[in-house]
Engineer: 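Before I ask anything, here is the structure I am working with.
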Amino acid sequence: HCYIEDDVVIYDRGDGGHVALGDGVHLYKGTIIELGRGGCVEIGAKSYIQPNCQFTAFVGAVRIGREVQIAPACAFYPYEHGIVAGPPIHKQPLSSRGDIVVGDGAWLGYGVILLEGVAVGAGAVVGAGAVVTHDVPDNHIAAGVPAKIIGPRPRES
């Protein structure tokens, strides 16, 4: 019960974990889910992943809740490369401060990048182009590079 458009790539380098898609998930063209070194991706029911999003799950997991809206060109990286001088970057070990978790009903604007160990709370909104390096609380708005908390979402009148 998922919609997976043409030109979506789901790729396991051979040592990855699993991909789990809930009922009603939509993956639009150009989306890439790449697994390696034990990473996994889970996307909850009725979540929409707009075109050209990148899930590169190495070492850690990317866990997207239910009814999450992810705008085009967002990227998820639950790991980082070693960067010591000398050996080439691609030969250095990968590490992670933890999984990426996006809570139910959150919305990520165009081009958002989420890095290792961050949680975006339920109902949170992340503005376009933000680079999320710290947690965003439930029902709050974050924006900028690095993303900073702007404040709570307004309540209905």
Side-chain angles (χ1 to χ4, degrees), residues 1-83 88-136 141-147 153:
H1 299 104
C2 295
Y3 174 78
I4 300 176
E5 196 168 35
D6 291 341
D7 299 323
V8 169
V9 175
I10 300 174
Y11 175 68
D12 180 355
R13 291 183 166 266
D15 54 357
H18 65 277
V19 173
L21 304 177
D23 283 344
V25 166
H26 284 62
L27 299 178
Y28 291 99
K29 66 181 174 181
T31 294
I32 298 172
I33 298 174
E34 182 179 5
L35 305 174
R37 298 189 189 176
C40 68
V41 173
E42 299 171 353
I43 302 174
K46 299 180 183 173
S47 290
Y48 284 71
I49 313 302
Q50 298 299 323
N52 302 314
C53 289
Q54 174 80 39
F55 297 82
T56 307
F58 284 60
V59 184
V62 178
R63 293 191 170 88
I64 308 296
R66 299 171 56 87
E67 298 183 354
V68 173
Q69 301 295 315
I70 298 177
C74 290
F76 301 79
Y77 300 103
Y79 69 95
E80 64 180 41
H81 285 276
I83 57 169
I89 297 291
H90 73 276
K91 291 186 176 182
Q92 295 192 34
L94 301 179
S95 63
S96 179
R97 291 184 297 128
D99 298 341
I100 293 171
V101 178
V102 178
D104 295 344
W107 177 48
L108 307 181
Y110 185 93
V112 167
I113 299 171
L114 278 77
L115 300 178
E116 58 170 338
V118 299
V120 173
V125 175
V126 180
V131 177
V132 181
T133 60
H134 297 288
D135 292 352
V136 178
I141 300 167
V145 179
R153 287 177 60 188

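Everything numeric here is computed off the predicted structure, so don't read it as measured data. Atom set for the values below is all heavy atoms of this structure, side chains included, hydrogens, waters and symmetry mates excluded.
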Engineer: Taking all atoms of both residues into account, what is the closest heavy-atom pair of T56 and Y79, and its distance?
Structural biologist: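 Of all heavy-atom pairs spanning T56 and Y79, the closest is O-CE2, 3.3 Å.
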Engineer: Is it the case that the ring center of Y28 lies less than 6.0 angstrom away from the ring center of Y3?
Structural biologist: yes
Engineer: Please tabulate, for the side chains in residues 118-134, all donor-acceptor contacts under 3.5 angstrom to protein atoms that are two or more places apart in sequence or on a different chain.
Structural biologist:
none

Engineer: May I ask you to test the R13-F58 pair for a side-chain heavy-atom distance under 4.5 Å?
Structural biologist: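 Sidechains of F58 and R13: in contact.
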Engineer: Side-chain contact, heavy-atom cut-off 4.5 Å: I49 with F55?
Structural biologist: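 Contact flag for I49/F55 side chains = yes.
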Engineer: Nearest 0.5 Å, what's the SG-OH distance between C53 and Y110?
Structural biologist: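 So the gap between those two atoms works out to 9.5 Å.
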Engineer: Between E5 and K29, does any NZ, NE, NH1 or NH2 come within less than 4.0 Å of an OD or OE carboxylate oxygen?
Structural biologist: no
Engineer: Could you tell me which non-hydrogen atom of F76 sits nearest to which non-hydrogen atom of L108, and how far apart they are?
Structural biologist: CZ-CD1, 3.8 Å
Engineer: What's the separation between atom CD1 in I32 and atom CG in D7, rounded to the nearest 0.5 Å?
Structural biologist: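 Going from the CD1 atom of I32 to the CG atom of D7 covers 10.0 Å.
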Engineer: Out of curiosity, C74 SG to I113 CD1, how far, rounded to the nearest 0.5 Å?
Structural biologist: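 Those atoms lie 9.0 Å apart.
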Engineer: Kindly check if the number of other-residue, nucleotide or ligand heavy atoms within 6.0 Å of CD1 (I83) is above 12?
Structural biologist: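 No.
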Engineer: If you look at every heavy atom in A57 and C40, which pair is closest and at what distance?
Structural biologist: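 Here A57 and C40 meet closest at CB-O, 3.6 Å.
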Engineer: Looking at every non-hydrogen atom in both residues, tell me the closest pair between A142 and V136 and how far apart they are.
Structural biologist: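 That closest heavy-atom pairing would be CB-CG2, 3.8 Å.
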Engineer: I need the minimum non-hydrogen distance between P78 and A61, along with the two atoms involved.
Structural biologist: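 So the two residues come closest at CB-O, 3.7 Å.
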Engineer: Could you tell me whether the side chain of H81 reaches within less than 4.5 Å of the side chain of Q92, counting heavy atoms only?
Structural biologist: no
Engineer: Which heavy atom of D15 sits nearest to which heavy atom of R37, and what is that distance?
Structural biologist: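 Reported closest heavy-atom pair: OD1-N, 2.9 Å.
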Engineer: How long is the straight-line distance from CD of E67 back to OH of Y48, given to the nearest 0.5 Å?
Structural biologist: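 So the OH of Y48 and the CD of E67 are separated by 9.5 Å.
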Engineer: Determine yes or no for a side-chain-to-main-chain donor-acceptor pair under 3.5 angstrom, with S47 supplying the side chain and G65 the backbone.
Structural biologist: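 Answer holds: yes.
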Engineer: Kindly compute the distance separating CG (L35) from OH (Y11), expressed to the nearest 0.5 Å.
Structural biologist: 10.5 Å
Engineer: Assess whether side-chain hydrogen bond (donor to acceptor under 3.5 Å, both in side chains) is satisfied between H18 and E42, documenting all intermediate values.
Structural biologist: CA-CA 8 Å; H18 65 277; E42 299 171 353; 2.8 Å; yes
Engineer: Can any side-chain N or O of D104 pair as donor or acceptor with the backbone N or O of R66 at less than 3.5 Å?
Structural biologist: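 Pair found, side chain donor or acceptor close to backbone of R66.
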Engineer: Are any non-hydrogen side-chain atoms of I43 and L27 less than 4.5 angstrom apart?
Structural biologist: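 Side chain of I43 against side chain of L27, heavy atoms only: contact under 4.5 Å found.
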Engineer: Report the distance from atom CD of E34 to atom CD of Q54, rounding to the nearest 0.5 Å.
Structural biologist: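 E34 CD to Q54 CD: 6.5 Å, rounded to 0.5 Å.
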